[in-house]
Visitor: 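This is the structure, below, for whatever I ask next.
Proteins get letters first, then strands, A, B, ... in listed order; numbering begins at 1 in each.
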Amino acid sequence: MNLTPIKLYELLYEKFGNLEWWPIDKEYHRKNNSDSRFEIIVGAVLTQNTAWANVEKALSNLKKKQFLEIECINKIDLQSLCELIKPSGFFNQKAKRLKILANYFFEHYDGNLNVFFEKDLHDIREELLNIKGVGPETADSIILYAGNLPTFVVDAYTKRLCRRLPLDTNFSYQDIQLYFEKNLSEQYNGKKLVRVYNDLHASIVNLAKIYCKKKPECAKCPLLSYCNFENKNL
DNA sequence: GTCCAGGGCCGTT
DNA sequence: AACGGCCATGGA
């Protein structure tokens with residue numbers, strides 16, 4: 001029994017519902033203000049290969065000192081920033097990456113992210129990928145969660161599911177992203193499509209954390225009847 | 001003590 | 001193009 005991204009979305013939606021995922025105050029972000037967008041960007045960098053619980057500590061440190069703004073990150077010295085984001089790990093490189101980002105938006109957009117996200121989606125992605133420290137997943141997370149624009153985020157969990165579930169895709173970032181976007185955009189569009197990308201990515205993370213772990217717990221998995229992981233013995 | 005988490009860069013092949 | 005080493009903390 002084969003699966004498609006549309007079917008996967010429907011199954012996981014049934015299980016997890018509306019997640020509206022990014023862990024930030026929803027009302028705050030719904031206003032699409034530049035500060036809430038930047039908070040998401042900072043989180044996207046800090047969570048690179050890092051558990052979210054550790055990221056929260058770092059974000060909380062920044063927030064306490066009211067340093068969670070473009071201008072502040074741009075001005076703060078590297079050592080102090082390292083100290084504040086220490087709990088998120090890889091703090092030396094992440095501090096540099098945050099300063100590069102803050103400086104970029106400060107110089108090119110006068111610190112106003114609303115202007116940045118009004119550009120063409122492909123231009124936005126190109127620009128982000130040209131910033132050192134921003135790879136494909138970080139760029140797409142920023143576009144989807146900070147920009148509320150339709151881009152499907154592929155992460156380690158998504159790749160794992162694509163290996164285990166009968167989905168018709170290769171395992172490279174590009175292939176998976178194109179496959180999901182092509183299929184899902186046949187069914188949904190506009191703001192609904194953004195919601196679907198958001199919820200599906202969130203649902204995949206949920207599923208992978210609870211059931212489809214490295215050492216999977218298939219017995220209670222909601223996708224068990226669709227999965228051929230055990231037969232494939234991957 | 002060991003494993004691993006919502007990656008990306010850089011150098012080598 | 002693809003792969004391996006590296007970066008670092010905190011919770012399970």
Side-chain angles (χ1 to χ4, degrees), chain A residues 5 8-9 12 16 19-24 29 37-62 64 78-104 125-149 151-165 169-178 180 194 196-217:
Chain A
L8 181 64
Y9 167 70
L12 292 178
F16 297 119
L19 294 176
E20 282 197 89
W21 186 45
W22 199 273
I24 184 176
H29 182 58
R37 292 180 191 272
F38 187 63
E39 181 170 341
I40 292 173
I41 292 174
V42 172
V45 170
L46 293 182
T47 197
Q48 290 171 349
N49 202 36
T50 301
W52 185 257
N54 290 0
V55 177
E56 279 186 324
K57 296 177 197 298
L59 283 176
S60 158
N61 286 345
L62 291 170
K64 244 181 264 169
L78 199 58
Q79 281 308 315
S80 310
L81 185 55
C82 282
E83 212 49 46
L84 289 170
I85 67 168
K86 200 166 200 169
S88 72
F90 303 132
F91 50 84
N92 283 311
Q93 43 173 295
K94 283 177 181 173
K96 285 179 193 163
R97 289 173 187 183
L98 291 182
K99 286 194 69 65
I100 290 172
L101 272 165
N103 184 63
Y104 184 85
R125 193 164 195 273
E126 278 308 301
E127 267 189 63
L128 288 172
L129 288 175
N130 279 325
I131 300 174
K132 190 193 276 192
V134 179
E137 190 195 328
T138 305
D140 289 328
S141 296
I142 289 172
I143 294 168
L144 179 61
Y145 292 104
N148 302 309
L149 297 171
T151 297
F152 185 71
V153 177
V154 177
D155 62 2
Y157 293 145
T158 312
K159 289 181 181 174
R160 186 192 297 162
L161 257 66
C162 285
R163 258 183 280 119
R164 295 177 175 178
L165 292 169
T169 176
N170 293 321
F171 308 133
S172 80
Y173 193 100
Q174 266 241 334
D175 289 338
I176 295 173
Q177 186 180 47
L178 285 174
F180 273 72
V194 174
V196 169
Y197 287 161
N198 183 324
D199 276 334
L200 178 54
H201 178 62
S203 299
I204 288 173
V205 172
N206 261 0
L207 184 81
K209 276 183 174 172
I210 302 171
Y211 307 104
C212 205
K213 302 186 275 196
K214 273 202 169 178
K215 289 183 178 176
E217 294 178 22

Visitor: Any N/O pairs under 3.5 Å between the protein and nucleotides 9-12 of chain C? List them or say none.
Guide:
residue : atom : partner : partner atom : Å
C/dT9   : O2   : A/Asn54 : ND2          : 2.9
C/dG10  : O4'  : A/Asn54 : OD1          : 3.2
C/dG10  : O4'  : A/Asn54 : ND2          : 3.2
C/dG11  : OP1  : A/Lys57 : NZ           : 2.9

Visitor: Donor-acceptor pair, A/Tyr173 side chain versus A/Pro136 backbone, under 3.5 Å?
Guide: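 Yes: the side chain of A/Tyr173 pairs with the backbone of A/Pro136.
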Visitor: What I'd like to find out is whether the side chain of A/Asn198 reaches to under 4.5 Å of the side chain of A/Leu19, using heavy atoms alone.
Guide: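 A/Asn198 does not reach A/Leu19 side chain to side chain.
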Visitor: Test of understanding: with side chain to side chain contact (heavy atoms under 4.5 Å, CB included), list the residues that count as partners of A/Asp175, not counting sequence neighbours.
Guide: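 Partners of A/Asp175 by the side chain to side chain contact (heavy atoms under 4.5 Å, CB included) criterion, ordered by chain and then number, come out as A/Thr169, A/Asn170, A/Ser172.
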Visitor: Take the protein atom CZ of A/Arg97 and the nucleotide atom C1' of B/dC9, then report the distance between them rounded to whole Å.
Guide: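 Taking atom C1' of B/dC9 as the reference, CZ of A/Arg97 is at 7 Å.
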Visitor: A/Asn49 has an atom CG; how far is it from atom P of C/dG4, in whole Å?
Guide: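 In whole Å, C/dG4 P and A/Asn49 CG are 16 Å from each other.
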Visitor: Mind calculating the distance between CZ (A/Phe171) and C1' (C/dA1) to the nearest angstrom?
Guide: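 In whole Å, C/dA1 C1' and A/Phe171 CZ are 18 Å from each other.
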Visitor: Whole Å only: how far is the CG atom of A/Asp155 from the P atom of B/dG8?
Guide: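 Going from A/Asp155 (CG) to B/dG8 (P), I get 10 Å.
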Visitor: In residues 200-210 of chain A, which ones come under 4.0 Å of DNA chain B, going by heavy atoms?
Guide: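 Residues of residues 200-210 of chain A under 4.0 Å from DNA chain B: A/Lys209.
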Visitor: Write down the distance between CG (A/Leu128) and C1' (B/dG7), rounded to a whole number of angstrom.
Guide: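 Spelled out: CG on A/Leu128 to C1' on B/dG7 is 15 Å.
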Visitor: Name all pairs fulfilling the side-chain hydrogen bond (donor to acceptor under 3.5 Å, both in side chains) condition that reach into residues 79-88 of chain A, sequence neighbours left out, sorted by first residue then second.
Guide: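 As it turns out, the side-chain hydrogen bond (donor to acceptor under 3.5 Å, both in side chains) pairs with a partner in residues 79-88 of chain A, which skip direct neighbours, are A/Asp77-A/Ser80.
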Visitor: So, taking the atom named CD1 in A/Ile142 and the one named CD in A/Glu127, what distance separates them when rounded to the nearest 0.5 Å?
Guide: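 If we round to the nearest 0.5 Å, A/Ile142:CD1 and A/Glu127:CD are 12.0 Å apart.
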Visitor: Just the rounded figure in Å: distance from P of B/dG8 to CG of A/Leu98.
Guide: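 Whole-Å distance recorded here is 14 Å.
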Visitor: A/Thr158 and A/Asp155: side-chain donor and acceptor closer than 3.5 Å?
Guide: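 Per modelled atom types, A/Thr158 and A/Asp155 side chains form a pair under 3.5 Å.
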Visitor: Which residues satisfy the salt bridge (charged side-chain N to carboxylate O under 4.0 Å, His left out) test with A/Lys159, sequence neighbours excluded?
Guide: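 Salt bridge (charged side-chain N to carboxylate O under 4.0 Å, His left out) check on A/Lys159 returns nothing, list empty.
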Visitor: Would you jot down, in residue-number order, the residues of residues 132-143 of chain A having a non-hydrogen atom under 4.0 Å from DNA chain B?
Guide: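 Listed by number, they are A/Lys132, A/Gly133, A/Val134, A/Gly135, A/Pro136, A/Glu137, A/Thr138.
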Visitor: Please check the phosphate of B/dA5 (OP1 and OP2 only) for any side-chain N or O of A/Arg160 closer than 4.0 Å.
Guide: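 It does, given that an N or O in the side chain of A/Arg160 lies less than 4.0 Å from OP1 or OP2 of B/dA5.
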Visitor: More than 12 non-hydrogen atoms from neighbouring residues, nucleotides or ligands closer than 6.0 Å to NZ on A/Lys96, yes or no?
Guide: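 At most 12 heavy atoms, drawn from other residues, nucleotides or ligands, come within 6.0 Å of this atom.
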Visitor: Parallel, tilted or perpendicular: which describes the rings of A/Phe152 and A/His201, with under 30° parallel and over 60° perpendicular?
Guide: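 The rings of A/Phe152 and A/His201 stand perpendicular, inter-plane angle above 60°.
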Visitor: Rounded to the Å, how far apart are A/Leu46 CG and B/dG8 P?
Guide: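 A/Leu46 atom CG is separated from B/dG8 atom P by 13 Å.
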Visitor: Apply side-chain contact (heavy atoms from CB on, under 4.5 Å) to the pair A/Ile85 and A/Leu46, showing each step before the final yes or no.
Guide: CA-CA 8 Å; A/Ile85 67 168; A/Leu46 293 182; 4.1 Å; yes
Visitor: Provide, to the nearest angstrom, the distance between the OH atom belonging to A/Tyr173 and the C1' atom belonging to C/dA1.
Guide: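 Whole-Å distance recorded here is 18 Å.
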Visitor: Distance check, P atoms only: B/dC10 and C/dA8, in whole angstrom units.
Guide: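 Those two atoms are separated by 14 Å.
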Visitor: Measure the spacing between NZ of A/Lys94 and CG of A/Leu81 and express it to the nearest 0.5 Å.
Guide: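 A/Lys94 atom NZ to A/Leu81 atom CG measures 12.0 Å (nearest 0.5 Å).
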